[in-house]
Amino acid sequence: MNQVDALPDVPEPVELEETQENKNLLNTVFRSMKRSRDMFFHHRDEYPEFPDIDEHYRQVKMKTEYKNIVALAAETKRRKEEEALNLPKNEPVIAIGEPTNDSGAQLSIAGPSSSGSDVGTKKSVAVVASASKGPQDNTVRAMLPSRAPMVVKPKWHAPWKLYRVLSGHTGWVRSVDVEPGNEWMVSGGADRIIKIWDVATGKLRLSLTGHISAVRAVKVSPRHPFIFSAGEDKQVKCWDLETNKVVRHYHGHLSAVQDLAIHPTLDILVTCARDSTARVWDMRTKAQIHCLGGHSSTVAAVQCQSINPQVITSSHDSTIRLWDLVAGRSVVTLTNHKKAVRALTLHPTLRMFGSASPDNIKQWKCPDGEFYQNLSGHNAVINSLVCNEDGVLVSGADNGTMQFWDWNSGFCFDKQTTKVQPGSIDSEAGIYSMCFDQSGTRLITAEADKTIKMYKEDLSATEETHPVMWRPDVLRKKMY
Ligand SMILES: *[C@@H]1O[C@H](CO)[C@@H](O)[C@H](O)[C@H]1NC(C)=O
Ligand SMILES: *[C@@H]1O[C@H](CO)[C@@H](O)[C@H](O)[C@H]1NC(C)=O
(Lines give C-alpha, C1' and ligand atoms only; values in the text may rest on other atoms or scores of the structure.)
(Ligands and ions follow the chains in the order given, each with its own letter.)
Protein backbone atom coordinates (compact mmCIF):
# COMPACT_ATOMS: atom_id res chain seq x y z
CA MET A 1 0.00 0.00 0.00
CA ASN A 2 1.52 3.31 -0.95
CA GLN A 3 0.85 6.75 0.39
CA VAL A 4 -1.36 7.85 -2.43
CA ASP A 5 -3.65 4.96 -1.72
CA ALA A 6 -3.80 5.96 1.92
CA LEU A 7 -5.17 9.39 1.16
CA PRO A 8 -8.89 9.87 1.59
CA ASP A 9 -10.96 9.93 -1.52
CA VAL A 10 -11.14 13.31 -3.14
CA PRO A 11 -14.79 14.25 -3.66
CA GLU A 12 -15.90 14.87 -7.17
CA PRO A 13 -16.09 18.58 -7.98
CA VAL A 14 -19.65 19.81 -7.68
CA GLU A 15 -21.14 21.90 -10.39
CA LEU A 16 -22.71 24.94 -8.79
CA GLU A 17 -25.78 26.54 -10.21
CA GLU A 18 -25.11 30.05 -11.41
CA THR A 19 -27.29 31.67 -8.79
CA GLN A 20 -26.44 35.02 -7.29
CA GLU A 21 -25.93 33.34 -3.93
CA ASN A 22 -23.39 30.91 -5.34
CA LYS A 23 -21.61 33.72 -7.19
CA ASN A 24 -21.19 35.53 -3.92
CA LEU A 25 -19.98 32.36 -2.29
CA LEU A 26 -17.39 31.74 -5.03
CA ASN A 27 -16.30 35.30 -4.81
CA THR A 28 -15.74 34.94 -1.09
CA VAL A 29 -13.84 31.69 -1.51
CA PHE A 30 -11.65 33.25 -4.18
CA ARG A 31 -10.87 36.27 -2.01
CA SER A 32 -10.02 34.04 0.87
CA MET A 33 -7.67 31.96 -1.26
CA LYS A 34 -6.00 35.07 -2.53
CA ARG A 35 -5.54 36.33 1.01
CA SER A 36 -3.98 33.04 2.11
CA ARG A 37 -1.71 33.08 -0.84
CA ASP A 38 -0.63 36.65 -0.14
CA MET A 39 -0.05 35.71 3.42
CA PHE A 40 2.24 32.81 2.65
CA PHE A 41 3.89 34.07 -0.48
CA HIS A 42 4.39 37.70 0.32
CA HIS A 43 8.14 37.20 0.19
CA ARG A 44 8.00 36.13 -3.40
CA ASP A 45 9.25 39.51 -4.59
CA GLU A 46 12.21 39.24 -2.28
CA TYR A 47 13.30 35.99 -3.91
CA PRO A 48 13.01 36.51 -7.63
CA GLU A 49 16.02 34.28 -8.04
CA PHE A 50 14.12 31.27 -6.68
CA PRO A 51 11.43 30.40 -9.16
CA ASP A 52 11.50 26.84 -7.93
CA ILE A 53 8.51 26.49 -5.67
CA ASP A 54 10.10 24.14 -3.11
CA GLU A 55 12.96 26.49 -2.60
CA HIS A 56 10.44 29.26 -2.32
CA TYR A 57 8.60 27.46 0.44
CA ARG A 58 11.87 26.88 2.24
CA GLN A 59 12.78 30.55 2.06
CA VAL A 60 9.34 31.60 3.22
CA LYS A 61 9.55 29.23 6.17
CA MET A 62 13.02 30.47 7.04
CA LYS A 63 11.90 34.05 6.90
CA THR A 64 8.67 33.65 8.87
CA GLU A 65 9.62 31.01 11.43
CA TYR A 66 13.38 31.12 11.88
CA LYS A 67 14.19 34.76 11.24
CA ASN A 68 15.32 35.35 14.86
CA ILE A 69 17.68 32.42 14.76
CA VAL A 70 19.05 33.48 11.43
CA ALA A 71 19.67 36.99 12.76
CA LEU A 72 21.33 35.55 15.88
CA ALA A 73 23.64 33.42 13.80
CA ALA A 74 24.66 36.47 11.81
CA GLU A 75 25.24 38.49 14.97
CA THR A 76 27.35 35.70 16.50
CA LYS A 77 29.41 35.51 13.36
CA ARG A 78 29.91 39.29 13.38
CA ARG A 79 31.03 39.24 17.04
CA LYS A 80 33.45 36.40 16.43
CA GLU A 81 35.03 38.36 13.61
CA GLU A 82 35.25 41.46 15.76
CA GLU A 83 36.92 39.51 18.54
CA ALA A 84 39.34 38.03 16.10
CA LEU A 85 40.28 41.52 15.01
CA ASN A 86 40.51 42.45 18.70
CA LEU A 87 39.01 45.84 18.08
CA PRO A 88 39.47 48.23 21.00
CA LYS A 89 36.31 48.97 22.96
CA ASN A 90 35.37 52.45 24.07
CA GLU A 91 37.18 52.16 27.40
CA PRO A 92 39.56 54.94 28.22
CA VAL A 93 43.23 54.14 28.45
CA ILE A 94 44.43 55.62 31.70
CA ALA A 95 47.82 56.53 33.00
CA ILE A 96 48.91 54.79 36.14
CA GLY A 97 48.28 56.50 39.42
CA GLU A 98 45.27 58.06 40.97
CA PRO A 99 43.68 61.17 39.58
CA THR A 100 45.24 64.22 41.06
CA ASN A 101 41.98 65.94 41.85
CA ASP A 102 41.75 66.57 45.53
CA SER A 103 38.02 66.39 46.05
CA GLY A 104 38.37 63.48 48.44
CA ALA A 105 35.58 61.82 46.53
CA GLN A 106 35.25 58.15 47.24
CA LEU A 107 35.55 55.84 44.31
CA SER A 108 32.69 53.55 45.10
CA ILE A 109 30.12 56.24 45.46
CA ALA A 110 30.71 58.37 42.42
CA GLY A 111 27.16 59.07 41.42
CA PRO A 112 25.23 59.04 38.19
CA SER A 113 25.30 62.83 38.20
CA SER A 114 28.91 62.80 37.13
CA SER A 115 29.67 62.59 33.47
CA GLY A 116 30.77 59.30 31.97
CA SER A 117 34.30 60.34 31.18
CA ASP A 118 34.83 61.75 34.64
CA VAL A 119 33.79 58.48 36.17
CA GLY A 120 36.06 56.64 33.81
CA THR A 121 38.99 58.66 35.03
CA LYS A 122 38.10 58.12 38.66
CA LYS A 123 38.00 54.39 38.14
CA SER A 124 41.60 54.41 37.21
CA VAL A 125 43.76 51.53 38.16
CA ALA A 126 46.32 52.74 40.60
CA VAL A 127 49.09 50.37 39.93
CA VAL A 128 52.64 51.50 39.76
CA ALA A 129 54.62 48.95 37.89
CA SER A 130 57.98 48.17 39.31
CA ALA A 131 61.07 49.18 37.45
CA SER A 132 61.58 45.60 36.36
CA LYS A 133 58.62 45.91 34.01
CA GLY A 134 59.02 47.69 30.74
CA PRO A 135 58.13 51.36 30.25
CA GLN A 136 55.17 50.29 28.13
CA ASP A 137 53.63 49.15 31.41
CA ASN A 138 53.19 52.78 32.34
CA THR A 139 49.66 52.70 31.03
CA VAL A 140 47.00 50.14 31.66
CA ARG A 141 43.51 49.70 30.41
CA ALA A 142 40.81 50.21 32.99
CA MET A 143 39.87 46.72 34.11
CA LEU A 144 36.66 47.78 35.78
CA PRO A 145 33.31 47.04 34.24
CA SER A 146 31.85 49.78 32.08
CA ARG A 147 28.46 49.73 33.78
CA ALA A 148 27.38 52.81 35.67
CA PRO A 149 29.02 53.16 39.10
CA MET A 150 26.87 52.02 41.96
CA VAL A 151 26.24 53.85 45.15
CA VAL A 152 27.23 51.28 47.75
CA LYS A 153 24.86 51.50 50.67
CA PRO A 154 26.65 50.65 53.91
CA LYS A 155 25.83 47.41 55.66
CA TRP A 156 24.56 47.93 59.20
CA HIS A 157 26.95 46.92 61.98
CA ALA A 158 26.34 47.01 65.71
CA PRO A 159 28.49 49.49 67.63
CA TRP A 160 31.35 48.01 69.65
CA LYS A 161 31.64 48.55 73.37
CA LEU A 162 34.41 48.06 75.91
CA TYR A 163 33.74 45.20 78.31
CA ARG A 164 37.08 44.31 79.90
CA VAL A 165 40.42 45.90 80.74
CA LEU A 166 43.46 43.69 81.43
CA SER A 167 46.32 45.12 83.49
CA GLY A 168 49.64 43.46 84.04
CA HIS A 169 52.19 44.95 81.70
CA THR A 170 54.36 47.68 83.17
CA GLY A 171 54.97 49.45 79.87
CA TRP A 172 53.14 50.18 76.63
CA VAL A 173 51.53 47.08 75.18
CA ARG A 174 52.77 46.85 71.62
CA SER A 175 51.27 43.66 70.24
CA VAL A 176 48.45 41.13 70.72
CA ASP A 177 47.39 37.92 69.03
CA VAL A 178 44.84 35.15 69.72
CA GLU A 179 45.74 31.47 69.31
CA PRO A 180 43.85 29.31 66.78
CA GLY A 181 41.82 27.50 69.48
CA ASN A 182 40.53 30.88 70.75
CA GLU A 183 41.25 29.99 74.40
CA TRP A 184 44.24 32.16 75.12
CA MET A 185 45.98 35.20 73.73
CA VAL A 186 49.48 36.56 73.83
CA SER A 187 50.74 40.14 74.30
CA GLY A 188 54.13 41.77 74.09
CA GLY A 189 55.12 45.04 75.70
CA ALA A 190 57.68 47.76 76.13
CA ASP A 191 58.42 46.07 79.49
CA ARG A 192 60.19 43.35 77.39
CA ILE A 193 57.72 40.76 78.62
CA ILE A 194 55.44 38.42 76.73
CA LYS A 195 52.24 37.53 78.57
CA ILE A 196 49.67 34.84 77.97
CA TRP A 197 46.06 35.50 78.99
CA ASP A 198 42.86 33.52 79.12
CA VAL A 199 40.50 34.93 76.49
CA ALA A 200 37.26 33.99 78.30
CA THR A 201 38.20 35.18 81.79
CA GLY A 202 40.97 37.66 81.10
CA LYS A 203 43.21 35.97 83.70
CA LEU A 204 46.98 36.12 83.28
CA ARG A 205 48.34 32.62 82.72
CA LEU A 206 52.01 33.14 82.13
CA SER A 207 54.81 35.69 81.64
CA LEU A 208 57.78 34.94 79.39
CA THR A 209 61.08 36.80 79.64
CA GLY A 210 63.91 36.74 77.15
CA HIS A 211 63.84 39.92 75.08
CA ILE A 212 66.18 42.68 76.21
CA SER A 213 64.12 45.59 74.88
CA ALA A 214 60.55 46.31 73.89
CA VAL A 215 58.66 43.45 72.27
CA ARG A 216 57.10 44.86 69.10
CA ALA A 217 55.39 41.80 67.62
CA VAL A 218 53.99 38.49 68.87
CA LYS A 219 52.16 35.91 66.78
CA VAL A 220 50.89 32.43 67.50
CA SER A 221 51.50 29.93 64.72
CA PRO A 222 48.26 28.59 63.29
CA ARG A 223 49.87 25.21 62.61
CA HIS A 224 52.57 24.62 65.24
CA PRO A 225 52.80 24.84 69.04
CA PHE A 226 54.98 27.93 68.63
CA ILE A 227 54.86 31.62 69.43
CA PHE A 228 57.06 33.97 67.44
CA SER A 229 58.20 37.26 68.89
CA ALA A 230 60.30 40.15 67.64
CA GLY A 231 61.63 43.21 69.35
CA GLU A 232 63.60 46.41 69.35
CA ASP A 233 66.61 44.30 70.40
CA LYS A 234 66.71 43.14 66.71
CA GLN A 235 65.87 39.66 67.88
CA VAL A 236 63.35 37.27 66.44
CA LYS A 237 62.52 34.31 68.63
CA CYS A 238 60.53 31.10 68.40
CA TRP A 239 59.02 29.89 71.68
CA ASP A 240 57.99 26.30 72.25
CA LEU A 241 54.67 26.22 74.05
CA GLU A 242 55.34 22.87 75.67
CA THR A 243 58.45 24.05 77.50
CA ASN A 244 57.75 27.80 77.38
CA LYS A 245 61.33 28.29 76.25
CA VAL A 246 62.99 29.90 73.27
CA VAL A 247 63.91 27.14 70.86
CA ARG A 248 65.14 29.16 67.88
CA HIS A 249 66.64 32.53 67.06
CA TYR A 250 66.61 34.18 63.66
CA HIS A 251 69.66 36.39 63.27
CA GLY A 252 70.04 39.02 60.60
CA HIS A 253 68.16 42.26 61.25
CA LEU A 254 70.39 45.26 61.79
CA SER A 255 67.96 47.31 63.86
CA ALA A 256 64.67 47.22 65.72
CA VAL A 257 62.22 44.67 64.34
CA GLN A 258 58.76 46.22 63.86
CA ASP A 259 56.42 43.46 62.78
CA LEU A 260 56.21 39.81 61.83
CA ALA A 261 53.91 37.57 59.84
CA ILE A 262 53.57 33.80 59.62
CA HIS A 263 52.86 32.18 56.28
CA PRO A 264 49.51 30.34 56.53
CA THR A 265 50.62 27.22 54.66
CA LEU A 266 54.42 27.19 54.39
CA ASP A 267 56.89 26.94 57.29
CA ILE A 268 58.00 30.48 56.64
CA LEU A 269 58.21 33.57 58.79
CA VAL A 270 58.59 37.15 57.53
CA THR A 271 59.87 39.99 59.71
CA CYS A 272 60.42 43.65 58.94
CA ALA A 273 62.59 46.25 60.63
CA ARG A 274 63.96 49.74 60.90
CA ASP A 275 66.86 48.59 58.71
CA SER A 276 64.45 49.09 55.72
CA THR A 277 64.30 45.38 54.98
CA ALA A 278 61.91 42.53 55.38
CA ARG A 279 63.43 39.10 55.88
CA VAL A 280 62.03 35.72 55.02
CA TRP A 281 63.06 32.89 57.33
CA ASP A 282 62.83 29.14 57.22
CA MET A 283 60.99 28.49 60.47
CA ARG A 284 62.76 25.21 61.20
CA THR A 285 66.33 25.65 59.98
CA LYS A 286 66.48 29.34 61.06
CA ALA A 287 68.05 30.12 57.67
CA GLN A 288 67.33 33.47 56.05
CA ILE A 289 65.69 32.62 52.71
CA HIS A 290 65.49 36.19 51.37
CA CYS A 291 66.35 39.68 52.45
CA LEU A 292 63.67 41.80 50.79
CA GLY A 293 65.32 45.11 49.99
CA GLY A 294 63.77 48.08 48.24
CA HIS A 295 62.12 50.26 50.84
CA SER A 296 64.07 53.38 51.71
CA SER A 297 62.96 53.69 55.31
CA THR A 298 61.62 51.67 58.24
CA VAL A 299 59.38 48.82 57.15
CA ALA A 300 56.51 49.15 59.61
CA ALA A 301 54.15 46.35 58.70
CA VAL A 302 54.14 43.02 56.93
CA GLN A 303 51.38 40.63 55.90
CA CYS A 304 51.67 37.12 54.54
CA GLN A 305 49.04 35.07 52.66
CA SER A 306 48.91 31.94 50.54
CA ILE A 307 47.68 33.71 47.39
CA ASN A 308 49.70 36.28 45.46
CA PRO A 309 51.11 38.60 46.52
CA GLN A 310 52.27 36.29 49.29
CA VAL A 311 54.15 39.06 51.05
CA ILE A 312 53.01 42.69 51.39
CA THR A 313 55.03 45.33 53.24
CA SER A 314 54.45 48.98 54.06
CA SER A 315 56.96 51.55 55.07
CA HIS A 316 57.68 54.98 56.49
CA ASP A 317 58.86 55.79 52.95
CA SER A 318 55.06 55.99 52.28
CA THR A 319 55.05 53.09 49.80
CA ILE A 320 53.58 49.62 49.85
CA ARG A 321 55.44 46.81 48.13
CA LEU A 322 54.09 43.52 46.88
CA TRP A 323 56.69 40.77 46.75
CA ASP A 324 57.23 37.66 44.72
CA LEU A 325 58.05 35.22 47.51
CA VAL A 326 59.74 32.70 45.23
CA ALA A 327 62.00 35.17 43.48
CA GLY A 328 62.47 37.29 46.58
CA ARG A 329 61.91 40.56 44.78
CA SER A 330 59.39 43.36 44.76
CA VAL A 331 56.96 43.16 41.83
CA VAL A 332 54.70 46.15 42.47
CA THR A 333 55.24 49.39 44.38
CA LEU A 334 52.16 51.38 45.33
CA THR A 335 53.02 55.02 45.71
CA ASN A 336 49.56 56.49 46.35
CA HIS A 337 50.06 57.24 50.03
CA LYS A 338 51.65 60.55 50.87
CA LYS A 339 52.75 59.70 54.40
CA ALA A 340 54.22 56.77 56.35
CA VAL A 341 52.13 53.61 56.03
CA ARG A 342 52.26 51.96 59.45
CA ALA A 343 49.46 49.44 59.22
CA LEU A 344 48.25 46.77 56.82
CA THR A 345 45.42 44.26 57.02
CA LEU A 346 44.15 41.45 54.83
CA HIS A 347 40.43 41.01 54.37
CA PRO A 348 39.74 37.49 55.71
CA THR A 349 37.73 36.34 52.69
CA LEU A 350 37.80 38.90 49.86
CA ARG A 351 41.06 38.98 47.98
CA MET A 352 41.81 42.48 49.15
CA PHE A 353 43.95 44.31 51.65
CA GLY A 354 43.87 47.64 53.43
CA SER A 355 46.63 50.10 54.31
CA ALA A 356 46.63 53.04 56.71
CA SER A 357 48.47 56.32 56.66
CA PRO A 358 47.56 59.71 58.12
CA ASP A 359 46.45 60.86 54.64
CA ASN A 360 43.93 58.05 54.11
CA ILE A 361 43.07 54.45 54.64
CA LYS A 362 43.14 52.72 51.27
CA GLN A 363 41.83 49.43 50.00
CA TRP A 364 43.49 47.39 47.27
CA LYS A 365 42.79 44.24 45.31
CA CYS A 366 45.05 41.21 45.03
CA PRO A 367 47.11 40.15 43.20
CA ASP A 368 48.21 43.36 41.45
CA GLY A 369 47.39 46.00 44.03
CA GLU A 370 44.63 47.58 41.97
CA PHE A 371 43.35 50.62 43.91
CA TYR A 372 39.82 50.10 45.24
CA GLN A 373 38.88 53.10 47.36
CA ASN A 374 39.91 55.68 49.95
CA LEU A 375 38.45 55.66 53.44
CA SER A 376 38.90 59.24 54.50
CA GLY A 377 38.58 60.83 57.88
CA HIS A 378 40.93 59.15 60.33
CA ASN A 379 43.66 61.72 60.08
CA ALA A 380 45.91 60.46 62.82
CA VAL A 381 48.99 58.25 63.08
CA ILE A 382 47.30 54.89 62.56
CA ASN A 383 49.33 52.05 64.07
CA SER A 384 46.89 49.27 63.56
CA LEU A 385 44.25 48.12 61.11
CA VAL A 386 42.17 44.93 61.44
CA CYS A 387 39.19 43.43 59.64
CA ASN A 388 36.81 40.59 60.54
CA GLU A 389 34.72 38.33 58.31
CA ASP A 390 31.67 40.49 58.80
CA GLY A 391 33.48 43.30 56.99
CA VAL A 392 34.13 45.43 60.08
CA LEU A 393 37.38 47.30 59.58
CA VAL A 394 38.90 49.03 62.61
CA SER A 395 41.67 51.60 62.58
CA GLY A 396 43.49 52.46 65.80
CA ALA A 397 45.71 55.49 66.24
CA ASP A 398 48.51 56.94 68.33
CA ASN A 399 46.22 59.34 70.15
CA GLY A 400 43.72 56.69 71.23
CA THR A 401 41.16 57.25 68.51
CA MET A 402 39.48 54.29 66.89
CA GLN A 403 37.24 54.31 63.84
CA PHE A 404 34.97 51.50 62.75
CA TRP A 405 34.27 51.15 59.03
CA ASP A 406 32.08 49.03 56.80
CA TRP A 407 34.60 47.44 54.44
CA ASN A 408 32.55 47.41 51.23
CA SER A 409 31.08 50.88 51.31
CA GLY A 410 33.99 52.49 53.14
CA PHE A 411 31.48 54.12 55.49
CA CYS A 412 32.68 54.99 59.00
CA PHE A 413 29.87 53.83 61.31
CA ASP A 414 31.48 54.57 64.67
CA LYS A 415 34.24 56.65 66.23
CA GLN A 416 35.58 56.14 69.73
CA THR A 417 38.42 57.37 71.85
CA THR A 418 39.92 54.94 74.32
CA LYS A 419 39.54 55.77 77.99
CA VAL A 420 42.92 55.97 79.69
CA GLN A 421 43.08 53.79 82.80
CA PRO A 422 43.85 55.72 85.96
CA GLY A 423 46.62 54.63 88.32
CA SER A 424 49.73 55.71 86.52
CA ILE A 425 50.98 59.25 86.19
CA ASP A 426 52.40 58.80 82.70
CA SER A 427 49.33 57.05 81.33
CA GLU A 428 48.39 58.13 77.87
CA ALA A 429 45.91 57.24 75.17
CA GLY A 430 47.28 55.31 72.23
CA ILE A 431 46.42 52.16 70.30
CA TYR A 432 49.48 50.22 69.18
CA SER A 433 48.06 46.94 68.03
CA MET A 434 44.71 45.22 67.63
CA CYS A 435 43.35 41.83 66.72
CA PHE A 436 40.00 40.10 66.50
CA ASP A 437 39.55 36.79 68.29
CA GLN A 438 39.07 33.76 66.05
CA SER A 439 35.29 34.25 65.94
CA GLY A 440 35.60 37.89 64.92
CA THR A 441 33.22 38.89 67.72
CA ARG A 442 35.79 40.24 70.18
CA LEU A 443 38.19 43.05 69.43
CA ILE A 444 41.38 43.19 71.51
CA THR A 445 43.52 46.31 71.68
CA ALA A 446 47.08 46.82 72.96
CA GLU A 447 47.42 50.27 74.43
CA ALA A 448 49.76 52.97 75.66
CA ASP A 449 48.14 53.01 79.11
CA LYS A 450 49.73 49.53 79.65
CA THR A 451 46.45 47.74 79.33
CA ILE A 452 44.81 45.35 76.96
CA LYS A 453 41.18 46.19 76.29
CA MET A 454 38.46 43.93 75.01
CA TYR A 455 35.47 45.12 73.01
CA LYS A 456 32.42 43.29 71.75
CA GLU A 457 29.40 44.19 69.70
CA ASP A 458 26.55 45.80 71.59
CA LEU A 459 23.95 43.10 71.06
CA SER A 460 21.13 45.30 72.35
CA ALA A 461 21.70 47.73 69.50
CA THR A 462 19.48 47.49 66.44
CA GLU A 463 19.17 49.34 63.20
CA GLU A 464 16.41 51.41 64.86
CA THR A 465 18.42 52.40 67.95
CA HIS A 466 21.59 53.04 65.93
CA PRO A 467 20.49 54.00 62.43
CA VAL A 468 23.07 54.29 59.69
CA MET A 469 23.57 58.05 59.36
CA TRP A 470 24.56 57.79 55.78
CA ARG A 471 24.12 60.12 52.87
CA PRO A 472 25.82 59.72 49.54
CA ASP A 473 28.07 62.72 50.21
CA VAL A 474 29.80 62.59 46.91
CA LEU A 475 26.55 62.95 45.04
CA ARG A 476 25.88 66.12 46.97
CA LYS A 477 29.36 67.47 46.43
CA LYS A 478 29.03 66.92 42.73
CA MET A 479 25.65 68.52 42.48
CA TYR A 480 26.54 71.73 44.19
C1 LIG B 1 42.45 59.07 47.46
O2 LIG B 1 43.29 59.79 48.32
C3 LIG B 1 44.43 60.35 47.71
C4 LIG B 1 45.27 60.95 48.82
O5 LIG B 1 45.63 59.97 49.71
C6 LIG B 1 44.01 61.38 46.69
O7 LIG B 1 45.13 61.93 46.05
C8 LIG B 1 43.15 60.68 45.66
O9 LIG B 1 42.64 61.61 44.74
C10 LIG B 1 41.98 59.96 46.32
N11 LIG B 1 41.33 59.15 45.31
C12 LIG B 1 40.02 59.17 45.10
C13 LIG B 1 39.51 58.31 44.01
O14 LIG B 1 39.27 59.86 45.76
C1 LIG C 1 44.05 62.65 67.08
O2 LIG C 1 45.02 63.14 66.18
C3 LIG C 1 44.51 63.83 65.05
C4 LIG C 1 45.67 64.23 64.17
O5 LIG C 1 46.72 64.77 64.90
C6 LIG C 1 43.67 65.02 65.48
O7 LIG C 1 43.10 65.64 64.36
C8 LIG C 1 42.57 64.54 66.41
O9 LIG C 1 41.85 65.64 66.89
C10 LIG C 1 43.19 63.78 67.58
N11 LIG C 1 42.12 63.29 68.41
C12 LIG C 1 42.20 63.28 69.75
C13 LIG C 1 41.03 62.74 70.47
O14 LIG C 1 43.18 63.64 70.35
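Atoms within a ligand are numbered from 1 in the order they appear, just like the ligands themselves. Only a predicted model underlies this, so the values are computations on that prediction, with no experimental measurement involved.
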* Measure the CZ-SG distance between Arg216 and Cys272 for me, rounded to the nearest 0.5 Å. => 9.5 Å
* Lys419 with Asp449: basic N within carboxylate O range, under 4.0 Å -> no
* Asked: Counting heavy atoms only, which part of Asp398 comes closer than 4.0 Å to ligand 2: side chain, backbone, both or neither?
  -> neither
* Show which atoms of ligand 1 fall inside a sub-4.0 Å distance from at least one heavy-atom site of Asn360. => 1 (C), 2 (O), 3 (C), 4 (C), 5 (O)
* Which ligand 1 atoms, with their elements, are less than 4.0 angstrom from a heavy-atom of Lys362? -> 1 (C), 2 (O), 3 (C), 4 (C), 5 (O)
* Is Arg248 salt-bridged to Asp240, going by a charged N under 4.0 Å from an acidic O? -> no
* Any N or O of Asn374 closer than 3.5 Å to N or O of ligand 1 -> yes
* Asked: Among Asn399, Asn379, Thr417, whose heavy atom sits nearest atom 12 (C) of ligand 2?
  -> Asn399
* All salt bridge (Lys or Arg N to Asp or Glu O under 4.0 Å) counterparts of Arg321, not counting sequence neighbours -> none
* Hey, is Asp359 close enough to Lys339 for a salt bridge, meaning N to O under 4.0 Å? -> no
* Might you check, step by step, whether the distance between atom 14 (O) of ligand 2 and some protein heavy atom is under 4.0 Å? => yes
